[in-house]
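Contents: one structure, followed by commentary.
As the structure is a prediction and not an experimental result, all values here were calculated from the model.
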Amino acid sequence: MIKASLRLSIVSAVIALLAFGCQILMARTFGARHQFDVYLFAISIPFLIMGASTGAVSLAFVPRLMAASRDRDLYRSSVSALLGFAILAAIVIAFGGMEVTVWSLATMRNVFNGSDQFTVVSIARVAWFSAGLSLIISALTAVHHTEKSFVLPAITSSSAYMGMIGAM
């Protein structure tokens with residue numbers, strides 16, 4: 001079970017890295033300019049973390065939850081632990097990510113001016129909070145998959161993007 005979870009986590013991370021590479025390649029291929037660089041700088045790391053962590057959580061915990069589903073008490077404690085972990089990790093990702101953005105901006109002072117830095121922080125704030133919330137959504141998706149309920153997770157997985165659209 002741990003091997004399956006590890007494999008799914010690695011696959012999710014590779015997919016997230018491919019999506020990140022695709023963003024950068026498309027930006028360079030189609031001649032993205034400075035404003036797009038600001039945008040990519042602000043969202044790339046949060047979206048990389050979001051893709052890797054949400055895929056890992058929504059898929060990797062299903063085998064553990066399925067094994068625990070035979071014993072109702074073990075299942076409840078496993079779900080509680082998963083949701084507790086997801087909430088704690090979401091808080092760390094959201095607030096820790098903002099610190100990463102501020103730190104990374106400090107290393108790039110000569111690339112972005114003051115106005116660019118304000119824009120990066122504004123965009124990154126929305127992206128990091130979305131990344132944190134998507135981790136909680138992924139934990140709930142794992143529970144739904146364990147319960148053999150597949151429609152609701154497909155619908156709710158778009159809620160992070162809807163939230164970002166609303167925040168912007």
Side-chain angles (χ1 to χ4, degrees), residues 5-6 8-30 32-62 79-145 152-168:
S5 297
L6 184 59
L8 287 171
S9 298
I10 290 170
V11 167
S12 297
V14 168
I15 290 170
L17 284 172
L18 287 173
F20 178 64
C22 182
Q23 284 180 340
I24 291 177
L25 182 62
M26 284 182 63
R28 295 298 169 207
T29 301
F30 294 107
R33 300 293 181 250
H34 183 73
Q35 285 301 94
F36 195 67
D37 288 341
V38 168
Y39 171 75
L40 273 182
F41 184 81
I43 69 157
S44 292
I45 295 174
F47 276 27
L48 177 67
I49 298 296
M50 184 189 312
S53 63
T54 58
V57 169
S58 66
L59 296 175
F61 282 95
V62 173
V79 169
S80 297
L82 172 62
L83 293 177
F85 164 76
I87 290 169
L88 180 64
I91 291 168
V92 169
I93 286 173
F95 292 104
M98 282 307 301
E99 289 301 316
V100 167
T101 298
V102 170
W103 172 80
S104 61
L105 271 174
T107 64
M108 307 276 291
R109 283 209 194 276
N110 57 350
V111 176
F112 299 119
N113 62 31
S115 174
D116 292 340
Q117 291 179 8
F118 177 78
T119 303
V120 165
V121 169
S122 298
I123 294 169
R125 184 175 295 126
V126 173
W128 280 114
F129 283 120
S130 296
L133 289 174
S134 69
L135 193 63
I136 296 170
I137 292 168
S138 294
L140 293 171
T141 300
V143 174
H144 279 279
H145 286 314
L152 187 60
I155 294 169
T156 59
S157 65
S158 64
S159 62
Y161 298 110
M162 303 279 254
M164 286 186 337
I165 290 168
M168 286 185 217

Taking all non-hydrogen atoms of both residues, which atom of G132 and which atom of A90 are closest, and how far apart?
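So the two residues come closest at O-CB, 3.0 Å.
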
Any idea which heavy atoms bring A127 and A42 closest together, and the distance?
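That closest heavy-atom pairing would be CB-O, 4.4 Å.
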
Suppose we screen for side chain to side chain contact (heavy atoms under 4.5 Å, CB included). Which residues come up paired with A89, at least two apart in sequence or across chains?
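Counting only residues at least two positions away or on another chain, A89 forms a side chain to side chain contact (heavy atoms under 4.5 Å, CB included) with F85, L135.
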
In chain order, what residues pass the side chain to side chain contact (heavy atoms under 4.5 Å, CB included) check against L88, with sequence neighbours excluded?
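Side chain to side chain contact (heavy atoms under 4.5 Å, CB included) list for L88, sorted by chain: empty.
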
With I136 as reference, evaluate T141, I87, L83 under the side-chain contact (heavy atoms from CB on, under 4.5 Å) test and give the passing residue.
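It is I87, the one option of T141, I87, L83 that forms the side-chain contact (heavy atoms from CB on, under 4.5 Å) with I136.
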
Once you round to the nearest 0.5 Å, how far does [atom1] of [X] lie from [atom2] of [Y]?
X: F129; Y: L133; atom1: CZ; atom2: CG; answer: 8.5 Å
X: T101; Y: I43; atom1: OG1; atom2: CD1; answer: 11.5 Å
X: F47; Y: W128; atom1: CZ; atom2: CH2; answer: 11.0 Å

Taking distance alone, no hydrogens or angles, what donor-acceptor pairs closer than 3.5 Å link side-chain atoms of residues 118-125 to residues at least two apart or in another chain?
| unit_1 | atom_1 | unit_2 | atom_2 | d |
| --- | --- | --- | --- | --- |
| T119 | OG1 | S115 | O | 3.0 |
| S122 | OG | F118 | O | 3.0 |

